[in-house]
Structure formats: C-alpha cells, structure tokens
Amino acid sequence: MSLTDLEQRLLAEITAHPYASQKELGERLGVARATVANYIERLQAKGYILGRAYIVAQQQSILCIGGAVMDRVLKLKEPGILETSNPASAEETRGGVARNVAENLARLGEPTKLLSIVGDDGAADALSAATTQSGVDLSHMVRNRNLATGTYTAIMQPDGSLYLGVADMDIFNQMDAAFVQTHLGLISGSALIFADTNLSTDGLAKLVTHCRDQNIPLAVDTVSIPKFKRLPDDLSGISYLFCNKDEALAATEQATPDAMITALISRGAEHVIITDGANGVYLSYQNTMQHLAVPAAEIVDVSGAGDAFVAGTLHGLNQKLPLAQAAQFGIAAAQHTLKSTLRNSPDLSHTAVETFAHQHFASN
C-alpha cells in the first residue's frame, strides 16, 4: 500500500522517535498537531503502526547493545617477554563484543541491529562500513563528537593465544541509564536482546530491569572479570548469562562449573552458559547441568571465538532449538572462527554451522 510523502516522513520520525508526542512530531515536520493525529490514524488503518507508542510493523530483529571498537592486533614472532621489546606483526580490524556478535548473527542469517556509540572519526567510519557490509542494521548507532571511538589492542602469542589485552573504552561510559531509557522503544520492539558489559553499571541495571518487567528475552556476555561486577546482584531478567570459567570463578568463588552455575542461578539468572576453552561448555537446562565436549580444532587465532560461540548459540535459540542443541551451534561457530585470521570469519553461515553440528553432535 503506497504512502504519501507526508506519511512517509511521519513514519520515519515515529520509527526514530517512538515516544515523541504528536506536538513534537508536528514540530519536526512543520505541521499542526491535528494534522499529525489525522495522519497517524491513516498509518494505523494501513497497518504501518500497531499502536502506542507507535510500534512500527516490521520483522523483529535481534538487538545487540554494547561495544563497537577498532581492534589492533600485534602477533608476537617469539613467545612474549615482559619489560623488553618484542618483535611482532601488526594489523587493524573491527571489534567489540556486541559488534562482533551482531556481525556473526547477520552472517548466520538473523535480522540484526546494533546499538552502540562511536566517535566522529575515521575509526567510526571504517567500523560502520564493514559492519553494514556484513548485513547489520546500524540506523541506531550513536556518534559522539567529543570522544574517540573505542580501541582494543591485543598482543597475541605465536600460537594464537592472548598474551595481553589493553582497552581504551571510556566512550562507553555514555551508555548509561539515560542512554537505555532513550532507546526503550527499540528494545521493546526486538525479538531478543543481547548485551555485553561495556554498558555502565546503571545502564545494565536499567536494561535488566526493563527486560524483566516487559518479559523480553535478554542474553548477556560478562566480557571480563572486572566488567562482570557491573551487573546487578539480582540477575533476574537475564535469560541467558554467558561467561568463561575464570569470570564465573571470580564472581562466585566456587570450585566447579556446576557449583558456579548453581550460584549464578541463585542470583536470578534463568540459564547460565560457562565456556572453558578446549575443556568444553557447561550449561544449565531444564534444572539439570550439562557438559558439551568440543572437538579438537586447528587454531589459527582464538580472537573472536567466544563472540562466535555466543552468536551461534543465540542463532540456535532464535531457531527454537533447545539450549543444549543451540550451544552445539555455538561450538560450531566458534570452531569455524578459530580457523580464521579474522575476528569474524567471512565464511560463517547457517549451512556451515548446521553441517558441523550435525557431523559432530548428531549421535548425542
């Protein structure tokens, strides 16, 4: 059904500002409030608006909220030695947990949006171009002219393992409760929310509370030991909590994965997924603890494998698979990424992940 020019402009304003009043919309468009009211009724009759707060009819996406950074990777030519010069090769690529997960989800065929904040600089331009090319919707990306785009510098051992990581991510302090409040319409209209802990403490608290109150599925990656502490003590509202074993140990002070999972569930998380590298994945499902072994893999670079695991698991969940089977998709995505020199393997796809999972887990 065709739209007039004013209807198209009004729909665009409503999509961008779902909580704006009719008066505010009129001021943006240069028309009277009564005209806005009349055209809103037309858009409702045509099925473009579903109701207050003017939720626009569209395919629901997975919304990823959190870090989008420029990654600088230094790969040592010999095992690292502290307090001296180490020869290395260098490269620069796109990164950030939420951004990486978003790109992987798009490559797996999921409609995906990324909500993050970047500077108004060349790094932001490069990030945006590469991320958009992969299929991620960046229409809600925020640019801050006063701060630089976040950077993460990883120093890798010759075998591809991480030797040292250094982050400059002060810009993400802007992702606070007010930032989340501004985007509640976008959050409420999404099929699934994924967030990393690059949001501020009050930003994460606001997001968790809103998702709990509105019954919106929320997955969270704890990212690191220090950033895990940004999550509220009450984790109710988090449907899927992803962390590695070191992060879970620091947060719970428990000795075994089963005890760690029990402790985190007692804090309110619905499901907990703990990764332990080559030792596999531990998770809670239907009141039972499960362990998934991972096949031996050729490792070119571990960078990005954890983000690929999260994306593969979320893809499986969005395909309505049980958590354990979805985590097999996650393992498949991680294994695929381990063989790539890039944070996000350009060859990642639903077919590749499904084929790997069928070959390695079909008998389980």
Side-chain angles (χ1 to χ4, degrees), residues 1-66 68 98-99 102-103 105-106 109-121 124-147 149 171 174-194 203 206-207 210-211 214 216:
M1 191 176 297
S2 62
L3 297 177
T4 67
D5 177 67
L6 183 55
E7 285 174 337
Q8 291 176 350
R9 291 164 54 207
L10 176 57
L11 186 62
E13 288 294 336
I14 288 172
T15 302
H17 309 283
Y19 286 96
S21 67
Q22 292 180 356
K23 181 176 181 295
E24 290 169 335
L25 292 169
E27 290 173 350
R28 291 177 182 275
L29 295 172
V31 299
R33 187 205 63 78
T35 301
V36 171
N38 180 44
Y39 274 81
I40 284 174
E41 289 182 3
R42 293 188 188 187
L43 290 171
Q44 289 173 329
K46 292 180 179 181
Y48 285 91
I49 293 176
L50 304 182
R52 301 188 67 179
Y54 312 133
I55 303 303
V56 178
Q58 57 185 326
Q59 184 179 13
Q60 283 192 313
S61 301
I62 297 178
L63 174 64
C64 298
I65 310 175
R99 200 221 64 85
E103 179 172 334
L105 283 168
E110 296 289 350
T112 308
K113 297 179 180 180
L114 175 63
L115 176 59
S116 187
I117 183 167
V118 293
D120 191 12
D121 49 29
D125 293 339
L127 277 174
S128 297
T131 306
T132 299
Q133 186 175 20
S134 71
V136 178
D137 181 348
L138 293 186
S139 59
H140 299 278
M141 180 76 82
V142 176
R143 288 216 179 199
N144 187 311
R145 295 182 178 180
N146 300 316
L147 295 170
T149 297
I171 192 170
Q174 306 299 309
M175 299 181 71
D176 55 13
F179 180 92
V180 174
Q181 177 69 36
T182 300
H183 296 92
L184 287 184
L186 175 64
I187 292 167
S188 296
S190 301
L192 170 68
I193 306 299
F194 168 76
K206 178 72 175 180
L207 178 64
H210 180 74
C211 289
Q214 299 299 317
I216 303 169

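Numbers here simply count residues along the sequence, with the first being 1. Values in this document were obtained by computation on a predicted structure and should not be read as measured data.
- Residues D137 and S61 have side chains not in contact (no heavy-atom distance under 4.5 Å, counting atoms from C-beta outward).
- Applying the salt bridge (Lys or Arg N to Asp or Glu O under 4.0 Å) criterion to E27, with sequence neighbours excluded, gives K23.
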Ignoring hydrogens and angles, write down the donor-acceptor pairs under 3.5 Å from the side chains of residues 140-147, residues two or more places apart or on other chains.
residue	atom	partner	partner atom	Å
R143	NH1	D120	OD1	3.3
R143	NH1	D125	OD1	3.0
R143	NH2	D125	OD1	2.8
N144	OD1	N146	N	2.7
N144	OD1	L147	N	3.3

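- For T132, there are no side chain to side chain donor-acceptor pair (under 3.5 Å) partners two or more places apart in sequence or in a different chain.
- The minimum heavy-atom distance linking L105 with C64 is given by the pair CD1-SG, 3.8 Å.
- Counted by atom type alone, S116 and R99 present zero donor-acceptor pairs between their side chains at under 3.5 Å.
- How far NE2 of H183 is from NZ of K206: 13.5 Å, rounded to the nearest 0.5 Å.
- Side-chain atoms of I65 and I187, non-hydrogen and from C-beta on, do get closer than 4.5 Å to each other.
- In plain terms, the two heavy atoms of G135 and A106 that are nearest each other are C-CB, 3.9 Å.
- In terms of heavy-atom proximity, L63 sits nearest to S190 at CB-OG, 3.4 Å.
- Contact between H210 and S188 at its shortest, heavy atoms only, is NE2-OG, 2.9 Å.
- Taking the side chain as every heavy atom from C-beta outward, V31 and Y39 never approach each other to under 4.5 Å.
- For the atom pair CD1 of I193 and CG of L186, the computed distance is 7.0 Å after rounding to the nearest 0.5 Å.
- The shortest distance between side-chain heavy atoms of I40 and I14 falls below 4.5 Å.
- Looking at every heavy atom in both residues, A68 comes nearest to L114 through CB-CD2, 4.4 Å.
- Between L10 atom CG and Q22 atom CD the span is 9.0 Å, to the nearest 0.5 Å.
- Using a distance-only test at 3.5 Å, with no hydrogens or angles considered, a donor-acceptor pair links the side chain of T112 to the main chain of E110.
- To the nearest 0.5 Å, atom OG1 of residue T4 and atom CZ of residue R9 are 9.5 Å apart.
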